[in-house]
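Right, one structure below, let's go through it.
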Amino acid sequence: MLLGEQYKKLWKITEDTLREIVPAEFPYDRRAHGGGYGTILFFEDMALIESLQNQFEGYKENFPVWSLQSSGMLQFVIWTSLEEEGFGASLQHYNPLIDDSVKKEWGLPESWKLLAQMPFGKPLMEAGEKEFSPVEDRMKMFKYY
């Protein structure tokens with residue numbers, strides 16, 4: 001978790017990285033993190049996943065998938081908890097563009113893979129409406145009676 005100046009440093013790294021690869025006229029939207037209190041960085045330790053893959057050969061293919069599922073659940077729980085406390089949050093994915101700079105800046109292990117960034121703070125506006133395809137197209141229920 002990055003707070004205060006460390007939080008600002010992350011988003012300066014992100015903006016500088018984007019400016020190097022994105023056309024100048026492309027708008028960089030700071031609303032997702034500009035007035036926040038901090039950012040939670042979510043990583044996966046790839047060395048641990050590899051170790052588990054070596055220990056349990058029969059499940060080798062599943063460990064990366066299970067790891068991502070676990071991370072997604074953790075992200076959801078943290079986001080929900082922040083919302084319950086009156087904070088707003090968003091989930092950002094500037095990885096892998098910022099991975100090397102982040103690891104270097106905070107002295108993180110090379111085996112850590114950045115999965116997501118969750119800036120949080122006092123909400124500046126209500127979240128916009130999202131459009132979803134009909135639930136019937138996304139979910140199937142089968143009755144057994």
Side-chain angles (χ1 to χ4, degrees), residues 1-135 137-141:
M1 181 183 302
L2 302 173
L3 302 170
E5 292 304 313
Q6 300 301 311
Y7 159 78
K8 291 177 185 174
K9 193 180 293 183
L10 171 72
W11 294 107
K12 176 77 170 114
I13 288 169
T14 302
E15 186 170 0
D16 290 349
T17 301
L18 289 176
R19 292 283 174 229
E20 290 178 17
I21 59 172
V22 176
E25 63 274 3
F26 186 82
Y28 176 65
D29 190 355
R30 289 182 183 84
R31 289 178 297 172
H33 57 77
Y37 297 141
T39 296
I40 301 166
L41 300 177
F42 294 92
F43 291 90
E44 194 58 67
D45 186 347
M46 300 311 290
L48 177 60
I49 292 173
E50 234 176 82
S51 171
L52 291 168
Q53 287 176 307
N54 293 333
Q55 289 177 55
F56 304 98
E57 187 70 28
Y59 294 104
K60 184 177 187 167
E61 302 290 322
N62 295 330
F63 281 105
V65 174
W66 292 339
S67 173
L68 290 175
Q69 290 170 345
S70 296
S71 182
M73 290 188 301
L74 176 64
Q75 292 165 28
F76 178 74
V77 167
I78 290 175
W79 193 337
T80 303
S81 298
L82 287 167
E83 293 283 335
E84 284 291 315
E85 294 300 321
F87 291 100
S90 67
L91 197 61
Q92 304 297 310
H93 298 93
Y94 289 104
N95 45 297
L97 300 174
I98 63 172
D99 291 20
D100 292 339
S101 298
V102 167
K103 288 179 194 175
K104 181 179 176 187
E105 181 63 39
W106 286 283
L108 302 174
E110 198 55 41
S111 64
W112 284 19
K113 180 180 180 181
L114 183 58
L115 299 179
Q117 307 84 54
M118 184 180 288
F120 64 93
K122 183 177 174 90
L124 300 175
M125 65 182 93
E126 288 293 318
E129 289 292 320
K130 287 190 173 187
E131 290 185 29
F132 297 97
S133 59
V135 71
D137 294 344
R138 297 179 282 131
M139 184 181 121
K140 302 292 179 201
M141 180 165 55

Review point. With under 30° as parallel and over 60° as perpendicular, where do the rings of Phe120 and Phe87 fit, or are they tilted in between?
Key: perpendicular
Review point. Are Gln53 and Pro64 close enough that some pair of their side-chain heavy atoms sits under 4.5 Å apart?
Key: yes
Practice item. For atom NZ of Lys103, decide whether the heavy atoms of other residues, nucleotides or ligands shown that lie under 6.0 angstrom number more than 12. Key: yes
Exercise for review: Would you give the length of the straight line joining atom CE of Met118 to atom CG of Leu41, rounded to the nearest 0.5 angstrom?
Suggested key: 11.0 Å
**Study point:** Whether Phe63 and Phe56 hold their rings parallel, tilted or perpendicular, with breakpoints at 30° and 60°
**Key:** tilted
Review point. Parallel under 30°, tilted from 30 to 60°, perpendicular over 60°: which one fits the rings of Tyr94 and Trp11?
Key: perpendicular
Practice item. Measure the spacing between CE of Met1 and CD of Gln6 and express it to the nearest 0.5 Å. Key: 13.5 Å
Check your understanding: How far does CD1 of Ile49 sit from CG of Leu68, to the nearest 0.5 angstrom?
Key -> 7.0 Å
Check your understanding: Going from CD on Glu44 to CH2 on Trp112, what distance comes out if it is rounded to the nearest 0.5 angstrom?
Key -> 10.5 Å
**Study point:** Electrostatic pair Glu15-Arg19, nearest N-O below 4.0 angstrom
**Key:** yes
Practice item. State the NZ-CD distance between Lys60 and Glu50, to the nearest 0.5 angstrom. Key: 8.5 Å
**Study point:** Within-4.5 Å side-chain heavy-atom neighbours: Trp66 and Leu52
**Key:** no
Practice item. May I ask you to check whether over 12 heavy atoms, not counting those of Glu84, lie within 6.0 Å of atom CD? Key: no
Check your understanding: Nearest 0.5 Å, what's the OG1-NZ distance between Thr17 and Lys12?
Key -> 9.5 Å
Exercise for review: Search all heavy atoms of Gly38 against all heavy atoms of Leu3 and return the closest pair with its distance.
Suggested key: CA-CD2, 3.9 Å
Review point. Leu114 versus Leu108: any side-chain heavy-atom pair under 4.5 Å?
Key: no
Review point. Do the non-hydrogen side-chain atoms of Gln92 and Thr14 ever get within less than 4.5 Å of each other?
Key: no
Exercise for review: Considering non-hydrogen atoms only, spot the tightest contact between Ser101 and Ile13 and give its length.
Suggested key: CB-CG2, 3.7 Å
**Study point:** Which atom of Pro123 lies closest to which atom of Gly86, heavy atoms considered
**Key:** CD-O, 3.6 Å
Practice item. Please answer whether the main-chain N or O of Ala47 pairs with a side-chain N or O of Ser51 as donor and acceptor at a distance below 3.5 Å. Key: no
Check your understanding: Looking at side-chain heavy atoms only, is the closest gap between Val102 and Asn95 below 4.5 Å?
Key -> no
Exercise for review: State whether the side chain of Ser71 and the backbone N or O of Ser67 hold a donor-acceptor pair below 3.5 Å, judged by distance alone.
Suggested key: no
Practice item. Determine the minimum heavy-atom distance between Glu83 and Gly88, stating which atoms define it. Key: OE2-CA, 3.6 Å
